[in-house]
Every structure is written in C-alpha cells, then in structure tokens.
Number of protein chains: 2
Amino acid sequence: MVTMQDVAKAAGVSTMTVSNVLNHYPHVRDETRDRVLRAIDDLGYRVNVAARNLRAGRTNTIGFAVPEVDRPYFGQLASRIIARASAAGYRVVIEQTGADRETELSAIVSSRNRMYDALILSAVGLGTADRELLRVDFPMVILGETVFEGPVDHIALPNVEGTFAATRHLIARGSRRIAIVEGDDLLPPNVSSLRHGGYLRALRESGVEFDPALSVGIPELTMSGGRSAAERLVDSGAAFDGVVCITDTVALGVMRGLADRGVRVPDDVRVIGFDAIEEGEYSIPRLSTVDPDHDEVAALAVDLVLRRIAGDTEWQPREFVSSFRVVARESTA
Amino acid sequence: MVTMQDVAKAAGVSTMTVSNVLNHYPHVRDETRDRVLRAIDDLGYRVNVAARNLRAGRTNTIGFAVPEVDRPYFGQLASRIIARASAAGYRVVIEQTGADRETELSAIVSSRNRMYDALILSAVGLGTADRELLRVDFPMVILGETVFEGPVDHIALPNVEGTFAATRHLIARGSRRIAIVEGDDLLPPNVSSLRHGGYLRALRESGVEFDPALSVGIPELTMSGGRSAAERLVDSGAAFDGVVCITDTVALGVMRGLADRGVRVPDDVRVIGFDAIEEGEYSIPRLSTVDPDHDEVAALAVDLVLRRIAGDTEWQPREFVSSFRVVARESTA
DNA sequence: ACACCTGACTGTATCGATAAAGGAGTCGGA
DNA sequence: TCCGACTCCTTTATCGATACAGTCAGGTGT
C-alpha cells in the first residue's frame with residue numbers, strides 16, 4: 001500500500017506538506033503543490049480513511065440502520081435522509097439490522113457506532129427493554145413507530161391519530177364492517193398495538209361495532225402477508241366492506257389477495273394503507289393512505305443528529321410526532 | 001471518550017490484556033477477565049473501530065454502491081448480497097452514488113474505498129470512459145447492465161438475450177404491434193441500447209415490422225416515466241398490442257398509464273418488464289417479466305470479492321452474464 | 001537597526017488498538 | 001535437579017494521517 005510517506009519521499013517534501021496539499025491548505029507554493037500532486041498521481045496514492053478517521057476523531061458519516069433494506073418504505077426514507085445529510089456535507093451509509101434484530105442492533109449501537117458520527121435508527125419493534133442499550137454517549141435518534149421513553153431523541157409516526165383518521169375515512173365513505181390487517185403481536189408499545197388502538201377508537205367514536213373476526217394478524221408486514229390475510233378474511237365468510245392495513249406494503253398484498261378472490265376494490269371493499277410509499281400512487285387501483293410527511297421526518301432526524309454532533313449539550317431528549325394527512329385515492333373512492 | 005488505557009488502568013492490567021479479553025484470547029485468567037469486563041462495563045467502554053481498522057488493515061465490511069437507494073430493484077439486490085456476505089462474516093453497507101454520478105462515483109471508488117475491504121458497484125450508466133477510474137488496486141466487482149471491458153470483474157445481466165426472449169414471448173402470445181419503453185439515451189453500451197438491440201432482433205427474426213413510432217424514450221427509468229410514456233403512446237394514436245418495458249418499475253408505471261387511458265392489460269395490450277422485482281408478483285394484473293436470477297448475481301458478486309480479499313492474485317478479471325428465465329404472469333396472459 | 005509579521009515549509013507526538021516477542025511463574029517428567 | 005512446555009501477562013513497535021509547535025527566509029514599518 002502506498003502511503004503519504006511514499007508520496008512525500010517521491011516529491012521530496014515532508015508528509016505534512018502532502019497532507020496540506022490534500023486538505024487544500026492555502027500556504028503551499030504552486031510548484032510544490034504540483035510536485036506533490038504529480039507524485040500522488042504517479043504512485044496511485046489514496047488517503048487511508050481509517051487513519052484519517054482515527055486522527056480526526058470524526059468520520060463525516062451518518063449511519064442509518066433499518067430492519068430490512070428491501071422494503072420500499074425504508075428505501076424512500078433513506079433517500080430523503082441522504083438528500084438532507086449530504087446538503088450538510090455528511091455522507092450516509094445504510095446498514096441492515098435484519099432478522100436477528102437483538103444481536104445486530106446491539107452490534108451496531110454498541111460497537112460499530114464509532115464508524116459513524118451519528119446514528120439514525122429505524123427501529124421497528126424496539127421495546128422499553130432496549131432502553132439501556134440506547135443509553136450511549138453518542139448522537140443518535142430513533143425513528144419509528146414505537147413510543148419510547150428512552151434517553152435519546154425519538155421521532156414517532158402519528159400511529160394512533162393516523163389510523164384513527166384512516167378508519168374514519170372509511171366510515172365517512174360508507175364502510176361499516178371494517179377489518180384490520182396488522183402484526184400478530186399486539187404487545188404494546190409496538191406499531192400494531194398503537195394503530196390497532198386508533199382503529200378501535202375510530203370505530204367506537206363512530207358507533208360502529210368492533211368484530212374480532214375482522215381482526216387479522218400476520219407474522220410479517222409484507223405483501224405476502226397481506227395477501228394471505230385477505231384470502232383468510234374472504235374465506236372465513238365474514239362480511240366486510242373496508243380494510244385498514246397496517247402499512248402500504250401490506251395493503252398492496254391485501255388488494256392482490258382480494259382480487260384473487262374476486263372481490264372488487266373499492267366497489268365491494270374499500271382499502272386504506274399507511275406510509276404513503278410511492279408504489280401506492282401507481283397501483284391499480286391507486287391506494288388511499290396516511291401520509292406521515294416523510295420529508296419532515298427525514299429533515300428532523302438529520303437536524304437532530306447534526307445538532308448533537310455540533311455539541312449541543314443543552315438539548316434534552318424529546319419525542320416528536322410527525323404530522324400527517326389522509327390521502328384519498330381510488331381504493332376508497 | 002473512554003479508551004482501552006482507561007479500562008486497563010481501572011482493571012489494573014495492561015491494555016494488551018484488555019485487548020485479549022475483548023478478542024477472546026484464551027489464556028486469560030477468569031478472575032482477570034472478570035475484572036476487565038467489570039471495568040469495561042463500569043466505564044462504558046466501546047472499542048474504537050477506526051483504530052482497530054487502521055491497525056488491522058481491514059474493516060470486515062463490503063461496500064455496496066447503488067445509483068438510487070429508493071428503487072426496489074436495488075433494495076432487493078442489497079438484501080441478497082447482505083445475506084450472502086454475512087454468512088461469510090462480512091458486513092455490508094449501502095451507499096448511494098446518486099444523481100451527481102460523476103463526483104460521487106469517483107469519491108467512492110478513489111477515496112472512501114479504504115473504508116471497505118471490497119466494493120460492489122452497481123453502475124447503471126458506467127461507460128468505457130470510466131475505465132481508468134476503475135483501475136484501482138482494490139477488490140471490486142461491477143454489477144450492472146453495461147457491457148464493460150474494464151480491468152475488474154463484471155457481472156452483467158442478460159440484456160440482449162433477456163429482452164429478446166421477452167419480445168418473443170409477446171409475439172408468441174399474439175402481439176404484433178409491439179412498443180418499447182426505454183431510456184431516452186441509447187448510446188451504447190448502456191442498458192437501454194442493449195435491451196433495444198434484443199427487442200429489435202426478436203422483431204426481425206420473427207418477421208414483425210419495427211415501427212419507430214412505437215419506441216418511447218423517457219429520461220428516468222421510474223414509474224412516473226413509465227406512466228407518461230404509456231399516456232404519450234396511447235395519445236399518439238398509434239396502434240399497439242404489446243409493450244416491452246426496460247424495467248419492472250417502468251412497467252408498473254406503464255400499466256398504470258394504460259389503465260388511466262382505459263386500455264386493458266392484457267386484453268388490449270400485453271406488458272412485460274425486466275428484473276423480477278417482488279412488486280410485480282402482487283401488481284394487478286401480475287407482471288410478466290424477465291428474471292435474471294438475482295440470487296446467482298448476488299452470490300457471484302460476493303464470492304468474487306471474497307476471493308480477491310483472500311488474496312487470489314491469479315484470478316483474471318472476467319465478465320459474467322447471469323442466467324435468466326421469462327416469467328409469464330397475467331400481464332401477458 | 002530592530003522588532004514583528006507572513007509564507008512555506010519540517011519534526012514530532014499522537015489518535016486507539018493490536019501483533020510480536022518476551023518475562024515470570026508453575027508444573028511435570030527425565 | 002534441571003529442562004522444556006505452558007499459562008498469564010507486559011513491553012514495545014506500529015498502522016497512516018494530522019495538530020501543533022517550531023524553523024527559516026524574506027519583507028515591512030518605524
């Protein structure tokens with residue numbers, strides 16, 4: 001490996017001068033700079049990022065940890081975070097916490113973190129049990145659906161209110177037998193339990209009866225899960241004319257499952273999702289959804305960690321809830 | 001920041017002993033190990049990854065650079081790469097090369113690379129002009145649609161053959177007036193020009209006339225682009241009964257655009273995509289597509305870089321082309 | 001003539017971890 | 001009794017870049 005020393009020797013200067021050239025330090029004679037640059041080029045020198053990071057104590061990188069990289073939701077969120085962070089001169093790398101959440105999450109939080117100046121953690125299913133894990137001396141913000149009384153900043157989605165509004169929307173459009181497709185684990189506080197709460201409240205406040213037979217739990221919030229939930233629902237013979245889906249991804253699966261069973265959307269059944277992923281704008285029919293304002297979430301997340309990186313020690317950890325709006329499209333027409 | 005020295009002092013041992021404890025070196029007395037672990041816990045020590053990387057000369061991390069993180073295709077590919085790499089004990093981080101490809105790509109390849117032990121570069125639109133850029137002394141594999149006579153390993157998709165097969169599939173199903181929706185830049189060698197070639201060849205070999213009016217270019221290979229292409233196509237008044245789409249994402253947009261214009265798929269027009277993204281299995285109608293065997297691609301990519309990491313200097317850069325199969329679904333029924 | 005500044009460099013210590021080598025102590029066998 | 005092997009731990013050097021202090025020549029102002 002060719003190092004700065006090699007370049008320095010080749011150019012007949014000290015390593016410090018090479019460093020100065022690389023970092024655009026102004027007081028370097030043009031002729032010297034040229035010699036150094038030529039040497040760099042000749043030898044094919046590249047700065048060693050590990051060494052620079054060690055010395056500088058920073059990496060200029062923000063980590064974004066997500067449970068699954070192949071869910072459109074995270075990709076679209078990542079895209080916004082990258083845009084915001086790169087405007088501030090930071091690079092973002094995405095890392096997957098994955099199926100083996102426990103191990104992975106703790107690995108990222110407790111050891112890899114020093115690869116990043118800050119960590120944005122999208123933590124589906126993070127419980128209060130993880131609180132201690134997050135008690136780290138490190139700029140971090142939790143992004144996600146879980147209500148979390150932890151020692152770090154947390155940006156929540158409007159789970160209860162959003163699902164409340166979504167359910168009300170279905171009722172306003174005329175649905176009365178409203179199903180919900182959600183995670184099969186309703187231990188609070190998690191996404192499903194919160195959204196389930198919003199659904200229940202909307203039913204109650206509208207005087208619509210809650211039928212447990214219309215509540216379908218699935219192990220994973222995927223399209224595949226949504227499809228089989230829809231099939232089970234139809235096959236059960238229970239009458240329903242609306243479905244609240246825990247995420248857009250699930251909703252797309254549900255619409256597919258309904259179509260397979262010959263149920264028409266929105267004619268027979270209205271469907272609404274949550275997240276406003278781009279795919280919902282192009283599905284057939286277009287998917288109505290709850291749009292939690294991802295731009296706001298991304299901007300806030302980045303701004304919060306930047307503030308901590310900048311060393312604002314005054315700042316007290318807070319919980320934020322993004323604003324939202326119901327987007328009515330064809331699936332609830 | 002609390003360092004190993006601090007831990008060592010607190011535990012009354014040398015830093016090397018702390019290191020040994022952390023790295024599970026066997027010859028440490030239990031009592032000493034406990035003292036060290038207690039000190040680590042008390043002080044909240046975390047190993048500094050930058051220092052370890054510098055010392056070790058490796059990061060145990062593979063970089064995966066993609067043009068856009070919010071395209072399902074890349075997310076799904078990333079997921080497979082992560083699975084394969086983590087089985088080999090490597091971590092993967094995803095990085096976006098982004099809109100400003102020139103700058104970003106060169107930044108990643110030429111300087112950030114030392115953050116990774118290897119780089120898998122998904123390089124849409126990498127031209128022969130970038131050849132010099134890639135002449136780096138660094139384990140790297142190019143993944144993507146471009147034919148590339150470069151100094152590194154390259155895994156190509158079966159662009160020509162796949163699109164050839166897709167077009168033949170439409171013809172076999174009865175289509176004769178077959179449109180193509182592709183990038184507006186057909187400068188070879190890029191995805192669009194190659195796939196365009198496959199399309200043309202299939203038409204020619206089947207004795208079907210090529211009508212330039214049925215060739216629609218879009219600036220970005222997105223759903224939005226696909227939709228407007230479909231609208232333009234219908235509005236132009238040209239008769240067509242089949243559409244070959246350059247990617248599944250574009251195809252989903254095309255199906256949406258056709259639906260908006262009252263054109264039925266597959267009854268009036270058959271549609272086929274390329275990539276086999278998961279969304280196509282759940283769209284209404286389900287999307288026929290060319291499946292390039294992403295598992296094969298991901299596995300090969302990881303294996304190739306691992307071989308280079310392991311120091312196989314014998315290996316000569318090669319170009320691989322993934323196998324594929326046409327997946328017939330409802331959109332071409 | 002002197003202090004004082006600025007530009008253009010260089011030398012050295014340092015960031016935090018770890019590999020390599022080696023010292024002290026213990027134990028078993030010849 | 002002595003030797004080698006083994007365990008447990010320490011010392012030292014090093015990875016590659018950079019902050020900081022400092023050198024030295026040449027100019028400026030008074």
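Remember, predicted model here, so these are calculated numbers, not experimental data. Just so it is clear, the values below take in all heavy atoms, side chains as well, and ignore hydrogens, waters and symmetry mates.
- A:Tyr45 places its OH atom 3 Å from the P atom of D:dA17, with the value rounded to the nearest Å.
- Of the side-chain N and O atoms in A:Tyr25, none sit less than 4.0 angstrom from OP1 or OP2 of D:dA19.
- Using a 4.0 Å heavy-atom distance criterion, A:Asn53 is classed as making no nucleic acid contact.
- What separates CE of B:Met115 from P of D:dA17 is a distance of 15 Å, to the nearest Å.
- OP1 or OP2 of D:dT11 has not a single side-chain nitrogen or oxygen of B:Ser14 nearer than 4.0 Å.
- At the heavy-atom level, B:Thr15 lies under 4.0 Å from base atoms of the strands shown.
- Of the residues near DNA chain D, B:His27 and B:Ala56, the one whose nearest nucleotide (by heavy atom distance) lies more toward the 5' end is B:His27.
- Rounded to whole Å, the distance from CD on B:Gln5 to P on C:dT18 is 11 Å.
- Here B:Thr3 lies in heavy-atom contact (under 4.0 Å) with sugar-phosphate atoms only.
- Residue B:Asn20 places no side-chain N or O under 4.0 Å from the OP1 or OP2 atom of D:dC9.
- Of the side-chain N and O atoms in B:Arg52, none sit less than 4.0 angstrom from OP1 or OP2 of C:dG16.
- Residue A:Met4 contributes atom CE, which lies 18 Å from atom P of C:dT12 at whole-angstrom precision.
- With values rounded to the nearest 0.5 angstrom, A:Leu77 atom CG is found 10.0 Å from A:Ile82 atom CD1.
- Relative to the side chain of B:Val47, the nucleotides C:dC9, C:dA17, C:dG16 differ in distance, and C:dA17 lies closest.
- Counting to the nearest Å, the C1' atom of D:dA17 and the CG atom of A:Asn60 are 15 Å from each other.
- For the side-chain hydrogen bond (donor to acceptor under 3.5 Å, both in side chains) test with A:Tyr116, the passing option among A:Glu95, A:Arg58, A:Arg91 is A:Glu95; the others fail.
- In this structure, the CZ atom of A:Arg58 is 13 Å from the C1' atom of D:dA19, given to the nearest Å.
- OP1 or OP2 of D:dC9 lies within a sub-4.0 Å distance of a side-chain N or O belonging to B:Arg29.
- No side-chain heavy atom of A:Asn48 sits less than 4.5 Å from a side-chain heavy atom of A:Thr3.
- Side-chain contact between B:Ile309 and B:Tyr90 is present, with at least one heavy-atom pair separated by less than 4.5 Å.
- Between the side chain of B:Arg55 and the base of D:dT14 there is at least one donor-acceptor pair of N/O atoms closer than 3.5 Å.
- Taking 4.0 angstrom as the limit, B:Thr17 places a side-chain polar atom (N or O) nearer than this to OP1 or OP2 of D:dT10.
- Of the two residues near DNA chain C, B:Ala50 and B:Met16, the one whose nearest nucleotide lies more 5' is B:Ala50.
- Note: CG (B:Asn23) to P (C:dA17) measures 11 Å, nearest angstrom.
- Whole-Å rounding puts the A:Lys9 NZ to C:dG11 P distance at 13 Å.
- Ion pairing between B:Arg84 and B:Asp303 holds under the 4.0 Å rule for side-chain N and carboxylate O.
- Residue contacts shown for A:Val13 are limited to sugar-phosphate atoms, with no base heavy atom under 4.0 Å away.
- Two residues, B:Arg33 and A:Asn48, neighbour DNA chain D, and the one matched to the more 5' nucleotide by heavy-atom proximity is B:Arg33.
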Decide side-chain contact (heavy atoms from CB on, under 4.5 Å) for A:Asp153 and A:Arg307; before the verdict, give the C-alpha distance in whole Å, the side-chain angles of both, and the deciding distance to 0.1 Å.
-> CA-CA 11 Å; A:Asp153 283 314; A:Arg307 157 176 286 156; over 6 Å; no
